[in-house]
Structure formats: structure tokens, C-alpha cells
Colleague: 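Sending over a structure as C-alpha cells; questions will come in a sec.
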Number of protein chains: 2
Amino acid sequence: MADGDTETRVTIRTVAADAGVSVAAVSKVMRNAYGVSDALRLKVEASIGKLGYRPSVAARGMRGRTFTLGVLLVGIDNPFLPGIYQGIESVTESAGYKIMVGVGAARARTEVTLIEQMIDNRMDGLILVASQIAGETLEHFARQIPIVVVGHHEPAAQGYDTINNDDQRGAQLAVQAFLDRGYSDIAYMTQSDQGDHHADVAPQREAGYRKAMTAAGLADRIRVFRLPQCGLSRDEMLSNVLQSPDRPRAIFCWSDLDAIPLLSAAHRLGMGIPDELALIGYDNSPMAELSMVDLTSIDQDGPRLGKLAAEALFSRMTGRSVAEHILTEPTLILRGSH
Amino acid sequence: MADGDTETRVTIRTVAADAGVSVAAVSKVMRNAYGVSDALRLKVEASIGKLGYRPSVAARGMRGRTFTLGVLLVGIDNPFLPGIYQGIESVTESAGYKIMVGVGAARARTEVTLIEQMIDNRMDGLILVASQIAGETLEHFARQIPIVVVGHHEPAAQGYDTINNDDQRGAQLAVQAFLDRGYSDIAYMTQSDQGDHHADVAPQREAGYRKAMTAAGLADRIRVFRLPQCGLSRDEMLSNVLQSPDRPRAIFCWSDLDAIPLLSAAHRLGMGIPDELALIGYDNSPMAELSMVDLTSIDQDGPRLGKLAAEALFSRMTGRSVAEHILTEPTLILRGSH
DNA sequence: CCCGTTTCGTGCACCGTTCTACGTAAATCA
DNA sequence: TGATTTACGTAGAACGGTGCACGAAACGGG
């Protein structure tokens, strides 16, 4: 512990002494509770200003609320997250709540630890974005702290809320967009399932793809490619898929995250887009918009999802106990890749 | 507050009662402090396991340490951050420390609030990545909590450490790479300065660019473009720069973050790369590697910076009080854009 | 066998807040 | 004017841990 010239912390007691009032009085002013005269308030506020007093969140959390929310993100390299985060922040900021973020690195174990960490830090509520954690575990945590989940389908959950774009509908939009252009040889590319509980977005999009294909009478043309996790063999696999003699003419990819590397592989192989390969992604990430990428993608309006999540969390924190499961409408962003 | 079937929390008292020992004994076992017999330890650990006890970070923090570090990031959409974060995590995880992240959104005001929040949450130390906060403010905070700063040059700082890649050297590498290809009409493109204290990386890279140009006898060819912040007029400005009759033949861009949109604008205008425009970026982001981007870039080895930062923080937390200012060597990643 | 050391476990005073319960003075009402 | 109410401020007990100081064994050497 660095113990140089440690400025002794300004506590509520320091303020009370300075203002010549009781500790409780200062506390009341801070929480603008009932029963404070203007004279007292002024005195206390003057001292607070003079001393630069900030209440300790940790101590405050031991009895009251901390006005801090926890947000758990899968990672920081996912283009889907900034929009959601910004949506959350827009709501929480104006309500005077602070946000602490945990980065789950897509490992369920890490995520559980982080959630526990947030509970132990006495946060007032949690928003989990694209969490990998199973529903039953979530129910367990939800008994200890209000929770809202984004990007994880669990429509029967009782203890927590879920906010999602309608991933099945998004997949249907993509398939339809291909059909409109006359394609019938449409494949779906997804990440390899990893303990997959059918709750994650990728399987939902797969289900939507299958339904849409079946509805179009193309059930026998259904093909699903599953990408391995690690980087090197993934790039290889992308190339292999593209070079195989019976490669699909059109690919709907579960996320821009994989669609763009796929596009890159196609480009490297000298394939024309969309003439030799048509492609639609998901998330409408900023990269998709770049002219050399120009990727058609499904947009799920991250800021809106974030906003809805924050609002749901607040309503749950203030009493609602019956679960809410919201599904928003995705939109197709037309570009040159299909 | 959701007050459904609130599982009453397992506290240190619950454990003590269950194991038939004192609260202090449990505390000792948790902190594996001196003076615990094997018998006692076993008894207590059994109860802890049975009850699933986790100590409250908040309460613990009021006297001891929390084993939690705060990491402040500029944003989550910056390709430079994942590497650094991963580097930090690799060190802290094995040391049994948890990380809470704050997202500063590149606004100094928000960042200050978040740092205060982290101090109030009793974190044991802070790593600030690409923070916008002025040096004097940092010194102030550094008196309250050990701090290490990444991506912000403040070589004279006393109270905190800084870890940076040598941005001036990186700029020099870029200029040299252009010179080697025979370019002399080399411009620098940067973000418009925003309260800029010369400490941020962009001005450092600018200084390096100026030095390198001067050293090459091209002082009179020095040109600097400053991009506005907001998205729309930025794209316009990029196009304008590229379409002006005396546009530079080679541009060194302060970050891939702006180099890639610039590349996109060039592509949209049908300009050949590198024949009509040569480009070098900074950060070697994953996108730069994509075949349709193929951007030459300066790599600063984020994971290494993160690792160094975490190690510096630990050494500071365990007593070191004289500041450390580390500069790492950047490398040029050759690709097709120059 | 006595006395000085260790070793182990406990009681208790913190840490910085919140919040309930209570006392007092002023204002209102009959 | 006396009885109520209302407004304001204060003690002091939580909250869930930590860690110091202390006492009681157990140990060990002369």
C-alpha cells in the first residue's frame, strides 16, 4: 500500500465538525431527506463545498443504495456493444446513476465471478449484455439483485427481464432479401456452439433462418457452417468454405464480426461481391458502412435496446416484480454485398 | 427495491455461527492471516463451502483492501483498447485481483467522476487508459490511490507512473517508411485538439512527424490536417482533403480509427491505393489486417503495454513511491497501403 | 516444577455511511 | 392559555467486515 503523504479522507464526520452539526444532519442533507431547515442545509452545503466532501459509496452501500449500476459486457472488441452501452448510459446518467462495467471475456466462469463482484460491491442493479450464463444461474442471482438481460433469449424467465431484438425475424429479413434478389442457394454461417443453451442470439438467428428457408420451400437447401473459435483455423475454414466446389452462392452470417473476415477472405481469393458471393451480416456495425466493405446487414438499434434495458431495470428496482420480455423489430440495411 | 423472496445474505456471522467459532476466526481464515490451526481452518472452510459464503467487498474495503482494481477506458469502440485490457487482465487475474471498468467516453468531466467513483468504491489501485485528464488533477488523485497511466505522456509526473509506446518514434518510423518509398509530400492527419495538454498521444505523434520531416530536410513540406469531432462533417472533410488540387500524396494518420474512414473515402472516390494515395495508420488494429483494407500501420503491442501497466501498479501498491515512466518501442507493420 | 515463549482463538473498537427513534422548540388550534 | 401538532436536529444502533490487544493453553528449557 502506498502510504506517502496520504491526505486523510474527508468523511461525513469532518463535514459535521466543520459545519458544527451532527453527523446525521449531514447525512440528511446529502440524501435530501425530510426535516432540514434552509439554514442547516446552507451551512452543511458550504462545508461540503469547502472541504470537497464526497460520500463513500462503499460505506453508503452497507445500509442504503449506492446509485451505481453494474453492466456486464461480453468483451470490448464487439461492435455491437458501444451502441447498447450508450443507450444505457443516456438513461442512467440523467437519473444520477453511475455505471461500473465488467468485462466477461465470453467465459461463463468469469462472468459469474463478475456478477458476484458486483453484488458484493452493493450495486443497485445489473444489466447483462450477451451473457453466456445459463437461465437457472441467472434466476439465482436475480433473487439477490434486480437484473435485466440483453441479447439472451429467455422468454419464460420469472425473476429477471430480457430485452432483445427479434433475432428470428432478423434472420427472416436476411433470407427474404436474398430471395428478392433471386438467390436460393442460401447458407447460414454461425459460431460453433459452446455450451449453447439455445438462448443466445446465434441459435435464434439459425432458427429464424431455418424457418424462413422452409417457408420458402427451400428446406432441402438449408446448410449451416460452424466456425471454430480460435483465429488461425478460423481463417483457414473461411477460405476452405469459399474454395469448396459446392460453395453456397449466398451466405447469411450470424454477425458482422464474422461476416467481415469472410468478406476479406473472399476478397483475398479474388471473388467478386456480390456476383460470385453474396453476403448479409448482422449488427450493422460501423465497419459495414465503409465503402470497401459495403456490407448489407441487419440493424438491431443498439441504443434503443440499451435504453429499454435501463428503463426496465429502473422499473424493476422501484417495485415491479413480474417479469417483462421485450422484443424489438430489426431492420435491413441495404448495401452492395448482396 | 425489488423485495420478493429475498434470500437473506450469508454474512461472516452466519459462517461463524455455523462453524461454532468467532467472527474474528472466520475473518482470519479468509485473509489467511497468522495464527489459525489446521483444525479451525478446516472447520471454517467447510462452513464457507456449505453456505456459499462470499465476503462483501464493500464492507471489507472499509478497513482492509478490496482486491479490486479500477480500469478507466476512453471508450469501448477504440480498437486500441482490447489488447491493453487483455494485457492488464493477464497479470491481475493470476494475482487474484478483480477488475471493474469505467468508460470515460473521452470527456474529462465523466472521467473525473468515474475516478472518484472508483476511489469511493475503495478500489486498491487504478489504471487509466488514454485518459484526457490534466496532469495536475492526476497528481491530486494519485495522492489518494495508486495510479498508473497508459497512453498519456507525462514524463515529469511524480505521484503516478506512465506507460507508453514511444509515439514520437512511431511517427518517425512512419515517415521513414514513406521516405524509403520515395515520397516527400507527406502530411499528418490528426484529431482536432480538445483542451489538448500536449500529453495525449496525437500531439506526440505530431511532434515526431515534425522532427522526422525536419531531419529529412522536408521542414517546408510539413502539413497538418485536423479533423473535426463529429461524424458528418468529418466525412465531408475527409473527402474535401482528398479532392483538393494540392492534396498530399502520402498521409500519416494519427490512428487507424481515422485512417480507415479516410481509406474508405479514397475508395469511394475511386482513388488507387497506394498509387494515388499512400497511407500509414497507427495502432495496427485488427481491421487494418483485412485484405480489403490492407493498411500499413504502427503497432504498439497493446498486451505488452497492459502487462507493464499492471506490473507497475502492483509494485506501486506494495511500496514503491518513486515514479516510473516507461517507453516501449513501436514497430512498423508493412502492408499494401504505402 | 516453574516460568518464559509460542500458538491459537476471542472480544471489541473501528471503517463511513443510513435511518429509526426520540427530544425539543416553535407553530397551530380550540 | 393549554393541548396538539409540526418542524427540526440529534443519539445511537445497525451494516459486514478487519485487525489489534489480550488471555488461555500448550510447549520447552533449565
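Just so you know, these numbers come straight off a predicted model, no measurement behind them. Every chain is numbered from 1 and lettered A, B, ... according to where its sequence line falls, protein lines coming before strand lines.
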Colleague: Measure the shortest side-chain to side-chain distance between A:Val322 and A:Arg320 over non-hydrogen atoms and say whether it is less than 4.5 angstrom.
Modeller: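 In short, these two side chains touch, coming nearer than 4.5 Å.
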Colleague: Which residues within residues 11-23 of chain B lie with some heavy atom under 4.0 Å of an atom in DNA chain C?
Modeller: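 Going residue by residue through residues 11-23 of chain B, the ones with a heavy atom under 4.0 Å of DNA chain C turn out to be B:Val21, B:Ser22.
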Colleague: Taking the side chain as every heavy atom from C-beta outward, state whether B:Ile133 and B:Val112 have any atom pair closer than 4.5 Å.
Modeller: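 Counting from C-beta outward, B:Ile133 and B:Val112 do come under 4.5 Å.
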Colleague: Just checking A:Val36: base, sugar-phosphate only, or nothing, at a heavy-atom cut-off of under 4.0 Å?
Modeller: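 Sugar-phosphate contact only - A:Val36 comes under 4.0 Å of backbone atoms but never of a base.
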Colleague: Take a 6.0 Å sphere around CZ of B:Arg304 and say whether it holds more than 12 heavy atoms from other residues, nucleotides or ligands.
Modeller: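 Incorrect, the count does not exceed 12.
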Colleague: For the side chain of A:Asp161 and the backbone of A:His325, is there at least one donor-acceptor N/O pair under 3.5 Å apart?
Modeller: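 No, the answer is negative, given that no donor and acceptor are paired below the 3.5 Å cut-off.
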Colleague: Taking the nucleotide of DNA chain C with the closest heavy atom to each, which residue, B:Ala25 or B:Arg122, is nearer the 5' end?
Modeller: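 Nearer the 5' end of the strand: B:Ala25.
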Colleague: If you take any heavy atom closer than 4.0 Å to DNA chain C, which residues from residues 39-63 of chain A end up in contact?
Modeller: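 By residue number: A:Tyr53, A:Arg54, A:Pro55, A:Ser56, A:Ala59, A:Arg60, A:Met62, A:Arg63.
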Colleague: Answer yes or no: is there a side-chain heavy-atom contact under 4.5 Å between B:Leu69 and B:Phe314?
Modeller: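 The answer is yes; the side chains approach within 4.5 Å.
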Colleague: Can you give me the closest heavy-atom contact between B:Asn32 and B:Arg41, atom names plus distance?
Modeller: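 Shortest heavy-atom contact: CB-NH2, 3.3 Å.
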Colleague: Is there a side-chain contact between B:Val149 and B:Glu154 in this structure, where contact means two heavy atoms from C-beta onward sitting under 4.5 Å apart?
Modeller: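 They are not in side-chain contact.
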Colleague: Using a heavy-atom cut-off of 4.0 Å to chain B, what are the terminal contacting nucleotides of DNA chain C, in 5' to 3' order?
Modeller: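 Contact span on the strand: C:dT7 to C:dG16.
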Colleague: Can you give me the first and the last nucleotide of DNA chain D (5' to 3') that has an atom within less than 4.0 angstrom of a non-hydrogen atom in chain A?
Modeller: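 Extent of the interface on DNA chain D: D:dA7 to D:dG16.
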Colleague: Is A:Met118 close to A:Phe141 at the side-chain level, that is, under 4.5 Å between some pair of heavy atoms?
Modeller: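 Answer no - side chains too far apart.
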Colleague: Scan residues 19-46 of chain A for pairs that pass ring pair (Phe, Tyr, Trp, His ring centres under 6.0 Å), counting only residues two or more places apart or in two chains.
Modeller: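 Applying ring pair (Phe, Tyr, Trp, His ring centres under 6.0 Å) to every pair that reaches into residues 19-46 of chain A, excluding sequence neighbours, yields nothing.
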Colleague: Give me each pair satisfying salt bridge (Lys or Arg N to Asp or Glu O under 4.0 Å) with a member in residues 82-107 of chain A, each pair once, sequence neighbours excluded.
Modeller: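 Sorted pair list comes back empty.
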Colleague: For a side chain to side chain donor-acceptor pair (under 3.5 Å) check, start with the C-alpha distance between B:Arg122 and B:Thr66, then their side-chain angles and the critical distance, and finish with the verdict.
Modeller: CA-CA 7 Å; B:Arg122 293 268 117 81; B:Thr66 58; over 6 Å; no
Colleague: Could B:Lys307 and B:Glu311 be called an ion pair, given the rule that one side-chain N must be under 4.0 Å from one carboxylate O?
Modeller: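 A salt bridge is present here (some side-chain N lies under 4.0 Å from a carboxylate O).
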Colleague: Are A:Thr68 and B:Gln117 packed together at the side-chain level, in the sense that at least one heavy-atom pair is separated by less than 4.5 angstrom?
Modeller: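 A side-chain contact exists here, since the closest heavy-atom pair is under 4.5 Å.
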